[in-house]
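Working notes, structure below.
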Amino acid sequence: MKFSRMFMPTTKETPSDATLVSHQFLIRGGFISQSGAGLYDFLPLGKIVLDKIRAVVKEEMDNTGANEMLCSFVTPMSYWEQSGRNLTMGNELLRFKDRKHGEYVLSPTNEESVVNMVKNRITSYKNLPVNLYHINLKFRDEARPRFGLMRGREFLMKDAYSFHDSAECLQKEFEVMEEAYKRIYTRLGLDFRVVDADSGAIGGSGSKEFHVLANSGEDTIVVCPDCEYGANIEAATRKPNIKEALETVELTKVETPNCKTIEEVSTFLNADSYYSMKAVIKKAIFEESNEVVVFFVRGCDELEETKACNSIGALELEDANDEDIAKAGLVAGYCGIVDLPEGIKVVVDQELKSDNNLVCGANEENYHLTGVDLTSMEDLNFSDLITVQEGDSCSCCGGKLEYTKGIEAGHIFQLGTKYSEAMDAKFLDANGKTQPFVMGCYGVGVSRLVAAVIEQHHDEKGCIWTKETAPFLVDVIVSNAKKDEELDAGMKIYEGLKAAGISTIIDDRKKERFGFKIGDFELIGFPYAIVIGKKLKEGMVEIVDRKTGDKTDVSLEEAVSKLSELLK
Ligand code: ATP
Ligand code: MG
């Protein structure tokens with residue numbers, strides 16, 4: 001490819017909303033252009049990178065024996081009614097009507113499509129397992145599209161769906177997918193971590209996320225420095241934080257004027273906040289109703305919202321406002337587990353199960369209770385609710401857990417029979433009995449990866465693409481393309497590199513000066529440049545390594561072989 005023929009509108013302008021480096025450089029480097037909120041056009045360079053990533057994903061998926069197919073992007077609303085996700089997916093699902101008033105959806109994911117594809121076509125266990133995937137557009141009407149390609153509304157995803165006759169068979173495929181994903185991210189040149197994850201709205205149980213480690217990542221990942229343990233904070237667990245048990249004492253109401261926070265109460269009573277209960281009042285949003293729910297965690301712990309939400313099977317949690325709290329008959333700042341108003345839903349963190357001497361609110365302004373004994377209370381609903389903190393102990397090895405930031409680049413789920421049951425998709429097993437398919441699903445954020453690569457590989461001047469992602473591996477820079485001898489030498493190297501199978505672009509622009517060309521090389525981020533300039537008189541050219549900035553003189557004749565060696 002020649003620069004003179006390529007549409008590569010690089011610019012010095014950084015869009016004002018571009019806070020992430022990847023967003024800035026993808027726009028400045030002429031890879032993408034915004035067309036609307038969360039909507040991007042891929043310009044030629046961006047399309048090449050996207051296709052390169054897509055090709056790696058496809059190759060690794062094909063190697064596992066998965067079948068590529070292609071679902072329609074527009075799906076009938078009836079599909080979403082079959083699974084019930086027309087109700088649970090809320091506003092992320094973009095719905096519209098056609099001219100005949102038929103209702104449709106722009107697919108945010110395709111479980112329903114693929115179940116319908118397989119249903120009544122695979123009728124026997126003999127035709128299982130099968131894994132079907134496509135690399136296709138998705139649309140999610142994200143509440144806050146941001147960070148360029150990182151959180152778009154329209155984006156490219158690889159999504160695969162596997163069908164099995166047993167949980168054991170699914171488990172095997174899940175492991176095959178995990179290995180394939182590891183190969184994908186390794187080939188793309190990414191530093192990543194596989195972590196335990198929450199299954200979110202897709203449902204099912206058992207899921208793992210693949211995170212590209214980067215400070216700009218939206219997700220907090222809990223990792224153990226001493227073993228392999230890693231989990232998204234939404235799903236992270238720890239070795240229970242257990243202090244010495246106290247003696248059981250009588251339940252007592254004490255006056256605690258103006259002590260609304262755990263710190264205020266602990267200081268006032270001169271007590272360790274560990275032995276207190278913190279009430280977190282939330283408004284839970286269910287499919288057809290809203291409800292105020294009280295979550296109790298230890299005074300020194302924080303509530304993990306995703307865990308809390310899952311513990312009651314709500315769609316989401318919102319902060320309860322003063323009005324919600326008053327309506328529910330609760331007293332903000334003094335909410336406690338004893339004598340709560342009738343009918344209030346309560347969940348208690350599981351680490352409090354054996355506590356027999358706790359401080360909590362008395363459900364009365366300016367009063368707390370001491371000596372609260374949970375072991376004597378019946379029918380309490382316990383669940384894991386806490387946010388794992390840095391320094392907590394690893395449940396696997398006891399190491400001190402740490403936080404790191406990650407970009408979710410992939411997610412694999414063991415769905416089980418959730419969709420096949422809801423959609424009545426069944427097969428005949430070896431005993432002639434009808435069974436719902438056991439399913440898995442597996443996603444890779446293909447367009448998000450374009451940004452993730454840059455988050456991990458850049459410097460202050462621009463992108464530094466990895467070998468598998470670079471739009472071109474070598475940029476042959478002809479310093480002054482008006483000089484025939486320079487252009488001829490450049491073309492010779494360019495042809496030589498192409499013949500050696502190395503993807504190459506030549507900066508043959510006559511109008512642009514050398515400084516501008518180097519600027520584009522650095523901003524766009526090709527791994528290597530070969531500069532044809534002043535030293536050509538002595539038969540020499542210069543190889544520039546984009547990552548290290550190292551410059552090496554080589555003879556014109558050696559240039560191709562030297563680069564082939566570097567790119568091995
Ligand atoms: P997130 O928590 O980031 O919203 P998700 O859990 O909704 O992600 P999945 O439904 O598992 O994501 O989708 C599979 C993959 O698609 C994700 O791992 C991610 O890489 C990518 N992805 C999800 N949402 C977006 C988006 N809005 N823009 C770009 N890529 C996305
Ligand atoms: Mg999402």
Side-chain angles (χ1 to χ4, degrees), residues 20 22-23 26 32 34 36-40 42 46 50 53-54 57 61 83 85 88-94 106-112 114 133-161 174 177-178 181 184-185 188 190 192-204 206-214 216-221 231-235 305-306 309-310 315-316 405-415 419 440-456:
L20 286 202
S22 58
H23 188 180
L26 287 173
I32 57 170
Q34 183 163 20
L39 304 175
Y40 289 88
F42 281 80
L50 186 69
I53 295 175
R54 180 192 188 120
V57 173
M61 286 302 293
S83 68
R85 283 207 286 188
T88 54
M89 288 203 70
N91 290 332
E92 270 196 26
L93 209 57
L94 187 72
L106 290 186
S107 299
T109 168
N110 286 105
E111 281 75 7
E112 288 79 357
V114 185
Y133 83 93
H134 64 169
I135 302 173
N136 203 11
L137 273 187
K138 297 287 173 284
F139 192 95
R140 294 182 184 178
D141 203 353
E142 298 271 357
R144 289 178 59 220
R146 57 194 184 279
F147 308 142
L149 296 183
M150 213 56 103
R151 187 167 296 284
R153 292 198 297 162
E154 183 180 286
F155 56 99
L156 191 67
M157 196 206 285
K158 185 287 295 177
D159 40 328
Y161 306 87
F174 188 77
M177 286 294 116
E178 177 172 347
Y181 275 40
I184 290 169
Y185 303 117
L188 296 177
L190 292 165
F192 66 97
R193 188 116 186 185
V194 188
V195 304
D196 294 342
D198 166 59
S199 300
I202 293 205
S207 82
K208 286 189 179 176
E209 285 172 354
F210 297 77
H211 281 268
V212 173
L213 303 180
S216 60
E218 282 189 277
D219 288 60
T220 300
I221 307 299
N232 191 307
I233 194 143
E234 297 172 348
E305 287 220 7
T306 303
C309 191
N310 291 343
L315 296 178
E316 57 180 316
K405 287 282 179 188
I407 299 164
E408 186 192 320
H411 198 166
I412 58 176
F413 299 83
Q414 299 194 28
L415 290 172
Y419 291 90
C441 75
Y442 319 90
V444 171
V446 178
S447 53
R448 181 178 283 183
L449 275 166
V450 175
V453 172
I454 296 308
E455 286 303 319
Q456 230 174 46

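Here, residue 1 is the first one in the sequence, and each next residue gets the next number. Remember, it's 1-based here, ligands and their atoms both numbered in the order they're listed. All values below come from the heavy atoms of this structure, side chains included, with hydrogens, waters and symmetry mates left out.
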**Message:** I need the contact type for Lys138 against ligand 1. Using non-hydrogen atoms and a strict under-4.0 Å cut-off, is it side chain, backbone, both or neither?
**Reply:** neither
**Prompt:** Under 4.0 Å from any heavy atom of Glu142, which atoms of ligand 1 are there?
**Reply:** 24 (N), 26 (C), 27 (N)
**Message:** Run Lys405 and Thr220 through side chain to side chain donor-acceptor pair (under 3.5 Å) and show every step you take.
**Reply:** CA-CA 5 Å; Lys405 287 282 179 188; Thr220 300; 2.9 Å; yes
**Fill in**
Separation between CG (Asn232) and NE2 (His211), nearest 0.5 Å, reads 4.5 Å
**Message:** Does any part of the side chain of Glu111, heavy atoms only, come nearer than 4.5 Å to the side chain of Asp159, both counted from C-beta?
**Reply:** no
**Message:** As an exercise, identify every atom of ligand 1 less than 4.0 angstrom from a heavy atom of Gly410.
**Reply:** 18 (O)
**Prompt:** Of all the atoms in ligand 1, which lie at a distance below 4.0 Å from a heavy atom belonging to Leu149?
**Reply:** 29 (C)
**Message:** Suppose I only count heavy atoms of Gly152 and a 4.0 Å limit; which atoms of ligand 1 are within that range?
**Reply:** 26 (C), 27 (N), 28 (N)
**Prompt:** Counting from 1, what ligand 1 atoms have a heavy atom of Ala409 closer than 4.0 Å?
**Reply:** 18 (O), 20 (O)
**Asked** Are the side chains of Phe192 and Ile184 in touch, meaning some heavy atoms are under 4.5 Å apart?
**Response** no
**Spacing of Arg151 atom CZ and Leu20 atom CG [to the nearest 0.5 Å]** = 11.0 Å
**Message:** Within ligand 1, which atoms have a heavy atom of Gly445 less than 4.0 Å away?
**Reply:** 15 (C), 16 (O), 20 (O), 21 (C)
**Complete:** Atoms of ligand 1 under 4.0 Å from any heavy atom of Met157, numbered from 1 in the order shown, are 13 (O), 14 (C), 16 (O)
**Prompt:** In terms of the angle between their ring planes, are Tyr442 and Phe174 parallel, tilted or perpendicular, with boundaries placed at 30° and 60°?
**Reply:** tilted
**Request:** With heavy atoms of His411 as the reference, note each atom of ligand 1 found under 4.0 Å away.
**Result:** 11 (O)
**Request:** Say whether Arg153 and ligand 1 are in contact under the criterion: heavy-atom distance to a ligand atom below 4.0 Å.
**Result:** no
**Prompt:** For Leu449, which of Leu149, Ile454, Leu50, Leu188 qualifies under side-chain contact (heavy atoms from CB on, under 4.5 Å)?
**Reply:** Leu188
**Asked** With a 4.0 Å heavy-atom cut-off (strictly under), which part of Arg151 contacts ligand 1: side chain, backbone, both or neither?
**Response** both
**Prompt:** Heavy atoms only: which of Glu408, Arg448, Arg146 is nearest to atom 2 (O) of ligand 1?
**Reply:** Glu408
**Prompt:** Hey, are the side chains of Arg85 and Thr109 touching, using non-hydrogen atoms and a 4.5 Å cut-off?
**Reply:** yes
